[in-house]
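Counting convention: from 1, in listed order, for ligands and their atoms alike.
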Amino acid sequence: MEDIIQVESLQKSFSGGTAIEDMTFSVKKAEIFGFLGPSGAGKTTTIKILTGQLAPSSGKADVFGVLSTSINDPAYLQKLGVMTDNSGLYQRLSVYDNLKLYCELYGISKEKIPEELESLALQNDSKKIVSNLSKGMTQRVILARALLHEPELLFLDEPTAALDPSTSMLVHKKLRDLNERGTTIFLTTHDMNEAEQLCDRVAFLSQGRIQLLDEPKRLRRQFSDQTMTLELKNNKHVVVKNSPESAEEVYQYMTTGEIISIRMNEPSLGDIFVHVTGRALL
Ligand SMILES: Nc1ncnc2c1ncn2[C@@H]1O[C@H](COP(=O)(O)OP(=O)(O)OP(=O)(O)O)[C@@H](O)[C@H]1O
């Protein structure tokens with residue numbers, strides 16, 4: 001599959017220190033790529049570089065085959081959707097008017113607005129003034145705006161950070177639908193469950209460096225301790241090695257009909273993150 005983003009030896013320093021160090025990775029067309037890391041790890045800085053809002057100190061990032069510093073050309077902006085905290089909405093205008101202005105700017109039909117609002121459960125909020133919205137509503141309006149032109153590539157910086165669980169599920173469904181229609185999604189999150197549910201591949205970021213990058217299921221297998229837990233009828237749980245030596249023991253439990261369930265013990269992405277970086281994701 002073709003790469004839509006290619007990052008090579010990327011580095012970004014600010015006066016206070018280095019935010020990103022020697023970062024190399026690529027994102028394939030039509031995948032959901034998760035960028036996971038604790039606060040201050042360099043996630044937003046990376047998104048800002050990839051979307052042309054910041055220039056790297058060294059190294060380079062190509063997006064759609066052009067340098068990220070040239071991505072501000074209108075031809076590329078049409079293909080990009082960006083949702084970050086600083087995606088300025090007009091505070092004194094209504095939700096609908098904000099989206100209408102965006103449609104006019106991008107030459108998109110206004111007919112799409114009601115559909116987009118409904119898919120993010122905002123259909124009853126279209127007349128509300130943006131400055132009166134809750135954080136979660138504002139976040140969904142920014143997302144709706146980023147989706148109006150059905151971008152080929154979507155950058156989402158912690159898209160569900162301010163949302164309650166059921167609204168997060170709504171957003172997840174929306175993102176999956178978009179991805180099935182071909183949109184590549186680059187998302188940052190602290191939320192390991194979100195990453196497990198959505199992402200085809202995840203990169204673990206700590207102190208500006210990628211520590212690990214792979215598919216969630218391959219990571220769980222790689223870091224598994226190769227044991228399984230047998231749940232027995234007497235309310236007991238027995239942990240056995242997943243190896244031929246345990247076959248006799250498992251067989252014994254099976255012949256006496258004691259087993260209710262068998263599950264492989266695989267670590268969660270959160271466990272793996274702590275194991276690899278020595279840090280929790282908070
Ligand atoms: N404009 C800036 N000037 C100086 N330092 C900055 C600037 N932007 C980011 N940094 C620093 O770079 C580092 C990475 O910040 P960044 O915002 O990329 O982290 P993050 O992973 O997105 O964190 P969070 O999850 O809290 O949003 C931090 O130490 C931050 O203070």
Side-chain angles (χ1 to χ4, degrees), residues 5-27 32-61 63 68-69 71-72 80-89 134-136 138-143 146 153-164 167-168 171-172 175 185-199 201-214 216 219 268-270 272-282:
I5 298 174
Q6 282 181 320
V7 173
E8 248 178 68
S9 308
L10 198 68
Q11 199 254 351
K12 178 71 189 174
S13 299
F14 295 107
S15 52
T18 303
I20 291 176
E21 219 159 330
D22 196 20
M23 194 181 277
T24 297
F25 67 93
S26 56
V27 176
I32 304 186
F33 187 89
F35 219 51
L36 316 185
S39 185
K43 303 182 297 294
T44 306
T45 303
T46 308
I47 285 198
K48 283 187 177 167
I49 292 174
L50 295 177
T51 53
Q53 299 173 62
L54 270 181
S57 303
S58 63
K60 67 171 192 139
V63 179
S68 59
T69 42
I71 206 79
N72 285 320
L80 273 187
V82 184
M83 178 199 175
T84 56
D85 250 5
N86 66 353
S87 322
L89 294 170
S134 71
K135 212 171 163 200
T138 309
Q139 205 169 11
R140 277 178 287 147
V141 176
I142 297 171
L143 180 59
L153 173 59
L154 184 59
F155 288 96
L156 303 171
D157 199 2
E158 299 182 24
T160 57
L163 304 184
D164 60 69
T167 319
S168 292
V171 169
H172 289 171
L175 297 181
I185 301 176
F186 182 102
L187 79 97
T188 74
T189 183
H190 294 125
D191 182 343
M192 287 294 177
N193 289 329
E194 177 161 278
E196 296 243 22
Q197 285 166 31
L198 281 182
C199 298
R201 288 190 305 149
V202 291
F204 284 177
L205 194 66
S206 177
Q207 294 172 322
R209 285 179 183 272
I210 291 183
Q211 311 284 344
L212 209 58
L213 194 166
D214 212 332
L219 288 174
S268 66
L269 286 186
I272 300 170
F273 191 92
V274 173
H275 179 80
V276 171
T277 67
R279 301 186 58 184
L281 252 180
L282 300 171

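Looking at Gln139, its side chain does come within 3.5 Å of a backbone N or O of Pro159 through a donor-acceptor pair. A donor-acceptor pair under 3.5 Å is absent between the side-chain atoms of Gln211 and the main chain of Thr277, judged by distance alone. Glu196 places no side-chain N or O within 3.5 Å of a backbone atom of Ser268 that could act as its donor or acceptor partner. A donor-acceptor pair under 3.5 Å is absent between the side-chain atoms of Lys43 and the main chain of Phe35, judged by distance alone. Of the possible polar contacts, one joining the Ser57 side chain to the Ser13 backbone as a donor-acceptor pair under 3.5 Å is found. Between the side chain of Thr189 and the backbone N or O of Leu36, no donor-acceptor pair lies under 3.5 Å.
Residue contact check for ligand 1: Lys12 places no non-hydrogen atom closer than 4.0 Å to it. Distances from ligand 1 to the non-hydrogen atoms of Gly16 include no value under 4.0 Å. Distances from ligand 1 to the non-hydrogen atoms of His190 include at least one value under 4.0 Å.
Between Gly37 and ligand 1, no pair of N/O atoms sits closer than 3.5 Å. On a distance-only criterion, Gly40 and ligand 1 share at least one N/O pair closer than 3.5 Å. Geometrically, ligand 1 and Thr46 share no nitrogen or oxygen pair separated by less than 3.5 Å. In terms of polar-atom proximity, Ala19 is not counted as a contact of ligand 1, lacking any N or O under 3.5 Å from an N or O of the ligand.
Remark: the Glu194 side chain and the Thr160 side chain contain an N/O donor-acceptor pair separated by less than 3.5 Å.
Ranked by closest heavy atom to atom 17 (O) of ligand 1, the top entry among Leu205, Leu36, Thr44 is Thr44.
For the atom pair CG (Leu187) and NE2 (His172), the distance works out to 8.0 Å, reported to the nearest 0.5 Å. Going from atom CG of Leu54 over to atom NZ of Lys12 covers 5.0 Å, rounded to the nearest 0.5 Å.
The part of Pro38 lying near ligand 1 is the backbone, judged by heavy-atom distances below 4.0 Å.
Of all the atoms in ligand 1, the ones that sit under 4.0 Å from a non-hydrogen atom of Lys43 are 18 (O), 19 (O), 20 (P), 21 (O), 22 (O), 23 (O), 24 (P), 25 (O). When each atom of ligand 1 is checked for a heavy atom of Thr45 under 4.0 Å away, the hits are 9 (C), 14 (C), 15 (O), 16 (P), 18 (O).
Protein heavy atoms are absent from the space less than 4.0 angstrom from atom 31 (O) of ligand 1.
Scanning the protein for heavy atoms near atom 6 (C) of ligand 1, the closest one is Phe14 CD1, 3.2 Å. Distance from atom 26 (O) of ligand 1 to its nearest protein heavy atom, with residue and atom name: Ser39 OG, 2.6 Å.
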